[in-house]
Amino acid sequence: MAGATELADSVGELMDSPGGRLLLDIKAHLRRRVRLLAAAFGLTFVVCFPLTSMFIAWLIEPNRLPDDVNIIVLTPVEFILLQVKLAAYCGAFSVLVLLFGEGAWLGSKNPDLKQRMRELKATAPRPSATLVLTIVSSVALGCLGVMYAWNLLTPMLLEYLTNDAQSAGLSTEWRLSGYVGFIANLAVASAIGFQAPVATLLVLRLQIASRSDVRKVRRHIWFSAFVLGAFLSPPDPLSLFLVAMPVILLFEAALIIDTITRKPVAE
C-alpha cells in the first residue's frame, strides 16, 4: 500500500507541474486527431495486408523451420485471420510512430519549454527537426527490435521449445497461426520495447518530468517492462525475461544519455 500511495503522489505531482499540463494538452490534441490516427492505421493495414501472404510463405520455408517440424492449418479461415492480425500489427506500429511524432511536435512548440530553454541559454529545437528526428529514431529502434527478435529470440526459443517437446517423445506439428503468431508477437513486443529511449528522452526533454522524478518511479517502470513482456511475449518465463530486459537497459541508457548531454535544470 505504501508503494501504491507513493506512486499516486508522484503521479499527482507530475500532473500538477508544467510538464504535466503539457501532457494533458497533448492528450487533448490527440483526441482531436483520432480520425488521422484511424486513417494512418487503415492505410497501413491496406498496404501491408497483401504483403502478409508473402511474409507467411517466406516464414514457413523448410530451411527456416526447426528439424522434424511440420506446419498445419486446422480451419479454413486460419490463414486469412492470420493475415489480418499481421496487417493490424503494422497499422498499430504506424499509429505509435505518429503518436511519438505528435508529442515531439507539440512539445517543441510549447511556450513553457521554449522559455525554459532560453533560461538555459540554449536554442529551442525547431518543431520540424524534432518531429523528423523522433520519427526516424522511433522507426530505427523498431527495426532494431525486430532484428533482435528475429536473430536472437526466435531461433533460440524455437530450438529450446522444439527440443523440449521432442525429448518428451512428442511429434512436432505446429499450427500455422501458432507458429507465425509466436514470431510476430516476439517481433512486436521487441519493436515496442525498443521505443523506451524515445519515450524516456521525450518525457525528459519536453519537461514532462525531471530526471529525479523519473528515478523516483524507476522500480515501477521496471515492473511495467515485465508486465509489457507478459502481455506481448509468448507465455514462458524465458521469453518474458528476454523481452523485458532490453526495455529496462534501454530506459537506463536513456537516463545516462540525458545526464551526459544536458546540464541539470534548477528545480
Below 3.5 Å, can you tabulate the donor-acceptor pairs from side chains in residues 241-251 to any protein atom, sequence neighbours excluded?
none

For residues 47-57, run the donor-acceptor check on the side chains, cut-off 3.5 Å, and write out each pair with its distance to 0.1 Å, sequence neighbours left out.
{"from": "T52", "atom 1": "OG1", "to": "F49", "atom 2": "O", "distance (Å)": "2.6"}
{"from": "T52", "atom 1": "OG1", "to": "Q83", "atom 2": "NE2", "distance (Å)": "3.2"}
{"from": "S53", "atom 1": "OG", "to": "P50", "atom 2": "O", "distance (Å)": "3.2"}

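Linking Ile, Leu, Val, Met, Phe, Trp and Tyr residues whenever their side-chain heavy atoms come within less than 4.5 Å leaves V146 and I183 in two separate clusters. Put simply, V77 and V84 are part of the same group of oily side chains (I, L, V, M, F, W, Y) that touch within less than 4.5 Å, one to the next. Following chains of ILVMFWY side-chain contacts shorter than 4.5 Å, one cannot reach V95 starting from L43, and the two form parts of different hydrophobic clusters.
For CE of M156, the number of neighbouring non-hydrogen atoms (other residues, nucleotides, ligands) closer than 6.0 Å is greater than 12.
The shortest side-chain heavy-atom distance between T44 and F93 does not fall under the 4.5 Å cut-off. Inter-residue side-chain proximity for V73 and F79 is flagged as unmet; no heavy-atom pair is nearer than 4.5 Å. Looking only at side-chain heavy atoms (C-beta outward), N185 and Y89 come within less than 4.5 Å of each other. Between S177 and L81 the shortest side-chain heavy-atom distance does not fall below 4.5 Å. Taking the side chain as every heavy atom from C-beta outward, S190 and L153 approach each other to under 4.5 Å.
Put simply, the side chain of Q195 gets close to the backbone of S138: a donor and an acceptor are under 3.5 Å apart. E173 places no side-chain N or O within 3.5 Å of a backbone atom of I72 that could act as its donor or acceptor partner.
Chaining together hydrophobic side chains whose heavy atoms lie under 4.5 Å apart leaves V46 on its own.
Smallest separation of non-hydrogen atoms from L86 and A184: CD2-CB, 3.5 Å. Minimum heavy-atom separation, V180 to L59: CG1-CD1, 3.9 Å.
Sorted by first and then second residue, the ring pair (Phe, Tyr, Trp, His ring centres under 6.0 Å) pairs involving residues 135-159 (not counting sequence neighbours) are W58-W150, Y148-F194. Every pair passing salt bridge (charged side-chain N to carboxylate O under 4.0 Å, His left out) that includes a residue from residues 39-66 is listed here, sequence neighbours excluded: E61-R64.
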Exercise. May I have the step-by-step check of side chain to side chain contact (heavy atoms under 4.5 Å, CB included) for I221 and E252, ending in yes or no?
Key: CA-CA 10 Å; I221 294 175; E252 294 294 338; over 6 Å; no
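T162 is linked by a side-chain contact (heavy atoms from CB on, under 4.5 Å) to P66, V69, Q166, T172, W174, counting only residues two or more places apart in sequence or in another chain.
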